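Shown next, in structure tokens, is the structure this report addresses.
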Number of protein chains: 2
Amino acid sequence: MARRVPLYQAKAEFFRMLGHPVRIRVLELLQDGPMPVRDLLAAIEVESSNLSQQLAVLRRSGIVTATRDGPTVVYALAGGDVAELMRAARRILTEMAAGQAGLLAELREAEASAS
Amino acid sequence: MARRVPLYQAKAEFFRMLGHPVRIRVLELLQDGPMPVRDLLAAIEVESSNLSQQLAVLRRSGIVTATRDGPTVVYALAGGDVAELMRAARRILTEMAAGQAGLLAELREAEASAS
DNA sequence: TCGCCAGTTGTGAAATTTTTCAACTCTTGT
DNA sequence: ACAAGAGTTGAAAAATTTCACAACTGGCGA
């Protein structure tokens, strides 16, 4: 039977699932509607197999679905609005950036290492 | 001047920062108002130094602030409305859990205490 | 000043995640 | 049936994160 996972842990896993640039971009692209892997690949610069790996993470978490249409695979958001989540995140992000030099420093630093 | 970090990367870092059970619990506790480390430690079962490390992650990201009051350190949400983000996450989580009976039950149960 | 209490920080090992490359599955056109 | 195109998967290396322990800082009362 299913083991009982504390809610705070489910939340943490959910956020961790979101915590990757490629996965974020996929989710944002899918907000405009379902999209074949080929188009995702064109929009996001990443190796095809790497994209597949990230798509697998999203699939496993259940936030997206994949359906095969002939030779191409089409991804779509599984359910509700990820959009609202993204908006909330952006609000907090801009708030933090506006109010605090700390984040700005952090962001600059992160940029330097990620080039 | 600093070149800007792509938004999707800032978002990914933000979500990654949220992706840890202890950090989630801290943020949820702080939604009821500022709280000294001592109380966080009492509420969350974790080694003191481990909690400190997670608090440091939150601090660095800028989502919480720490102020010293005599011998105790008090943490508070830096700004905004983390609550809304958590609500959005919970909505999606609930929706996704629709296919997984065990998790669904747990989410419904927790609904009452709104954590 | 000394000792203690509340937290934090450094360090290194353990665990997890990300990336890459090759091999593999499916489907379709010839 | 075969080859090619579209994606996925397995596996190992590389990078990151987490955790526990010890050492450390700052404030306060004796």
Side-chain angles (χ1 to χ4, degrees), chain A residues 5-6 8-27 29-30 34-76 102 106 109-115, chain B residues 8-27 29-30 34-61 63-76:
Chain A
V5 177
Y8 59 82
Q9 188 176 325
K11 278 188 189 166
E13 277 166 26
F14 176 72
F15 285 125
R16 182 143 16 110
M17 176 273 283
L18 296 175
H20 189 289
V22 168
R23 298 197 291 263
I24 290 287
R25 290 182 77 180
V26 167
L27 292 179
L29 287 167
L30 292 185
M35 192 174 273
V37 171
R38 190 172 347 90
D39 293 3
L40 293 170
L41 197 50
I44 307 172
E45 56 171 44
V46 68
E47 299 265 331
S48 141
S49 74
N50 194 337
L51 177 59
S52 256
Q53 305 268 20
Q54 304 312 328
L55 288 174
V57 172
L58 295 174
R59 239 186 300 120
R60 257 178 262 129
S61 87
I63 203 174
V64 304
T65 60
T67 57
R68 182 151 215 138
D69 177 22
T72 90
V73 175
V74 177
Y75 278 82
E106 189 84 11
E109 193 176 300
E111 173 189 40
S113 60
S115 84
Chain B
Y8 60 82
Q9 188 176 328
K11 277 187 191 166
E13 279 166 24
F14 176 73
F15 285 126
R16 196 194 304 256
M17 174 275 282
L18 295 175
H20 189 288
V22 168
R23 298 197 292 264
I24 291 287
R25 290 181 78 179
V26 167
L27 292 180
L29 287 167
L30 291 185
M35 193 175 272
V37 171
R38 187 173 349 91
D39 292 4
L40 293 172
L41 197 50
I44 307 172
E45 54 174 44
V46 69
E47 298 264 331
S48 143
S49 75
N50 194 338
L51 177 58
S52 257
Q53 285 165 341
Q54 305 311 328
L55 289 173
V57 172
L58 295 174
R59 240 186 300 122
R60 258 178 261 130
S61 87
I63 203 175
V64 303
T65 59
T67 56
R68 180 150 216 139
D69 177 22
T72 92
V73 176
V74 177
Y75 278 82

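Each chain gets a letter, A, B and so on, in the order the sequences are listed, and its residues count up from 1. None of these values were measured; they are calculated from a predicted model.
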Using only side-chain N and O atoms of [X], determine if any of them is under 4.0 Å from OP1 or OP2 of [N].
{"X": "A:Arg59", "N": "D:dT9", "result": "yes"}
{"X": "B:Arg23", "N": "D:dT18", "result": "yes"}
{"X": "A:His20", "N": "D:dT17", "result": "no"}

Using side-chain heavy atoms (C-beta onward) and a distance below 4.5 Å, is [X] in contact with [Y]?
{"X": "A:Leu40", "Y": "A:Leu55", "value": "yes"}
{"X": "B:Leu30", "Y": "B:Val64", "value": "yes"}
{"X": "A:Arg23", "Y": "A:Leu18", "value": "no"}

Shortest side-chain distance from [X], nucleotide among [options]:
{"X": "B:Ser49", "options": "C:dT9, C:dT20, D:dC19", "result": "C:dT9"}
{"X": "A:Gln53", "options": "C:dT18, D:dA6, D:dT9", "result": "D:dT9"}
{"X": "A:Ser48", "options": "C:dG7, D:dA6, D:dT8", "result": "D:dT8"}
{"X": "B:Gln54", "options": "C:dT8, C:dT18, D:dC19", "result": "D:dC19"}
{"X": "B:Tyr75", "options": "C:dT8, C:dT18, D:dT9", "result": "C:dT8"}
{"X": "A:Pro71", "options": "D:dG7, C:dA6, C:dT28", "result": "C:dT28"}

Between atom [atom1] in [X] and atom [atom2] in [N], what is the gap in whole Å?
{"X": "A:Asp69", "N": "D:dA6", "atom1": "CG", "atom2": "P", "result": "14 Å"}
{"X": "A:Leu51", "N": "D:dT8", "atom1": "CG", "atom2": "C1'", "result": "11 Å"}
{"X": "A:Arg60", "N": "D:dT9", "atom1": "CZ", "atom2": "P", "result": "8 Å"}
{"X": "B:Leu40", "N": "C:dA6", "atom1": "CG", "atom2": "P", "result": "14 Å"}
{"X": "A:Gln9", "N": "C:dT16", "atom1": "CD", "atom2": "C1'", "result": "14 Å"}
{"X": "A:Met17", "N": "D:dT17", "atom1": "CE", "atom2": "C1'", "result": "19 Å"}
{"X": "B:Leu55", "N": "C:dT9", "atom1": "CG", "atom2": "C1'", "result": "13 Å"}
{"X": "A:Leu58", "N": "D:dT9", "atom1": "CG", "atom2": "P", "result": "13 Å"}

Closest-nucleotide mapping onto DNA chain C: is A:Val22 or A:Arg68 further toward the 5' terminus? I mean the 5' end. A:Val22
For B:Asn50, which contact category applies under a 4.0 Å heavy-atom criterion: base, sugar-phosphate, or nothing? sugar-phosphate
Would you mind classifying the nucleic acid contact of A:Thr72 as base, sugar-phosphate or nothing, using non-hydrogen atoms under 4.0 angstrom? sugar-phosphate
So which heavy atom on A:Pro34 is nearest to which on A:Val74, and how close? CB-CG1, 3.8 Å
If you compare all heavy atoms of A:Ala66 against all heavy atoms of A:Arg59, which two are closest, and at what distance to 0.1 Å? CB-CD, 3.9 Å
